Amino acid sequence: MTPTPVTPTARRLPEETTVAILGGGPAGATTACYLAMAGIDHVVLERAHFPRHHVGESLVGATNRIFDEIGFLEKLDAAGFPRKQGAVWVPKSGKNPHAIRVVPDKTFGGLDYTFHVDRARFDHMLLDHAETLGSPVYQGALVNGVETRDGRIESVQVQHEGETHTLRTRFVVDATGRNTFLGSRFRLLQKDTLFDQYAVYAYWKGVGRGPEETAGYIHIHFLPSERGWVWQIPIDDETTSIGVVTEKADFQRNGQDSEAHYAHHLARNPELSRRLEQATRVSNLRSEGNYSYSMRELVGPGYLLVGDAARFVDPIFSSGVSVAIYSAKFAAEQIAHVVAGERPEAEAFGAYETQMRAGVELWYDFIKVYYKLQNLFTYYLRKPEYRDQLVQLLQGNVYDARGITVLERLREDIRRIESTPGHVLQEGLSDIPI
Amino acid sequence: MTSRSEAAAGGQGVKSENPSLDRTSLDRTIAEVTRVLLERLELQLDPAEIHADSEFFDDIGLDSAAVLDLVIGLEESFGIDFDIAGSDPEDFRSVRCLARYVESRR
């Protein structure tokens, strides 16, 4: 797919806009798509020049709905990204892996699969798509300040092509990802003390992907340490992303450098070791710290936080892009209400905050229960009475929690195990409070 | 996969077997539990070392993840459902104890 040529007229930053979107990743680009479709004046300010690298290559089925709404699903489907139809959990013993099909119900675009995406290319395509819908996108545009009056943002300072611009704006959407531009500036950020995880990953060629029918699935290889696991994600026919996730304390305790840490853990799951026997690493090692956090507020006078800029949870269920684009949709819808004079801003933004929090908190609840019983998770996936709802959650259907009872049932089981002296599964539970 | 389905058929075809073999139902269940234990967990043990009173944790050296793997194997083999969260630790003491529990769930 060739990038859409940029129209020269869009190159000069305006002096004023209705919505300044900070960041052109999936959250910012999707916000832009919805605003463009609603005919609301806006600009996208992206500090990088795309394509640029980003972690988080695996999508969930719920994303099909949003991509369909913004007219992107067909392009995505035609782009040749590996199709994803499930997940395989490989126990720490390496024996008896459990595969589960997790497929969307073809409601959107007739697709019963989602994708693994090279994020450099995917993010670029999505931002280009916003431009084709009429979004003015400025790359190499670094926002380095805001001016407020009476607690409300009035303008943002933008470095673009060697000049400093002041862009007056009515609203700001912070889609700056884990840079958390406004969250840090307004001191909204709260570190999550429960999940101080650390990820180290690289791309490989020649990784064994196991049986043909599950070769396109994401693989989660358990490690024999609490909350430790390895992702195996197909990037294209030859390339596989392999990432080690552990507690940061585990990394610091061992006093290793990233290379030694990575090699050490890759050797700890026998099945994973077999799969890497013929494989060659083809990229540098990258690491991601600065793990889970939340924000005291997701909105304020004139601004909304979307995607990773609003919340970051552990990536075990590939929720990142899904949260980014759903929050973008919800934010754009509320902005449209305010612009149309249908709702007062505080009420509309409050509704956004409620909607966003409900979805992300369900993900977070799921993640906590999962880590609590990581070794037992595939047992429950085999049980029809648990499986259907777990698959709904794995799919990313978290924004309408009505009827989701499985997490409470799992918590009840956990309490029974914990309260039975000498229960055989007690040592399999981690110390996470649920 | 062949060995599992054959074994499952053997495990469930209790009534059709020749009574002159003189094996009680519990004995057969103990044999099946032992088979699943050895095959599913790929234990590097001499099968002769495992007997009805072998204890899973102390003698065989299983951990809770391995016990869970065994439970999955037994559920598949016997077509039963363990109430794992509500189980009594005593049921998981030895091969014989677990075989009794399996019988109680059939």
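Every value quoted in this text rests on a predicted model; they were computed, and no experiment measured them. Lettering follows sequence order; numbering is per chain, from 1.
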Interface moiety of Asp83(B) toward chain A, non-hydrogen atoms closer than 4.5 Å: side chain

Between CG on residue Asn96(A) and CG on residue Leu41(B), distance to nearest 0.5 Å: 7.5 Å

Worked check of salt bridge (charged side-chain N to carboxylate O under 4.0 Å, His left out) between Arg382(A) and Asp81(B): CA-CA 11 Å; Arg382(A) 287 166 212 263; Asp81(B) 190 22; over 6 Å; no

Contacting moiety of Glu418(A), where chain B heavy atoms sit under 4.5 Å: neither

Nearest-0.5 Å distance that lies between atom OG in Ser87(B) and atom NE2 in His423(A): 3.5 Å

Glu385(A) atom CD, neighbour heavy-atom count above 12 within 6.0 Å: yes

Pairs of heavy atoms under 4.5 Å with chain A: top-ranked of Leu62(B), Ile72(B), Val67(B): Ile72(B)

Option that, when pairs with chain A are counted at under 4.5 Å, heavy atom only, ranks first among Gly86(B), Ser64(B), Ala65(B), Pro89(B): Ser64(B)

With sequence neighbours excluded, residues passing side chain to side chain donor-acceptor pair (under 3.5 Å) with Glu75(B): Tyr379(A), Lys383(A)

Residue pair Ala85(B) / Asp413(A): nearest heavy atoms and the distance that separates them: CB-CG, 3.6 Å

Shortest non-hydrogen separation from Lys92(A) to Asp63(B) and the atoms involved: NZ-OD2, 3.7 Å

Top of Leu68(B), Asp91(B), Asp88(B) for chain A proximity - count of heavy-atom pairs under 4.5 angstrom: Leu68(B)

Residues of residues 209-220 of chain A contacting chain B, heavy-atom criterion under 4.5 Å, by residue number: none

Atom pair OG1/CG of Thr378(A) and Asp69(B) - distance to nearest 0.5 Å: 8.0 Å

Per-residue contact mode, Leu376(A) against chain B (heavy atom under 4.5 angstrom): both

Segment of Phe56(B) engaging chain A (4.5 angstrom heavy-atom cut-off): neither

Gap separating the CD1 atom of Ile84(B) from the CD1 atom of Ile417(A), nearest 0.5 angstrom: 7.5 Å

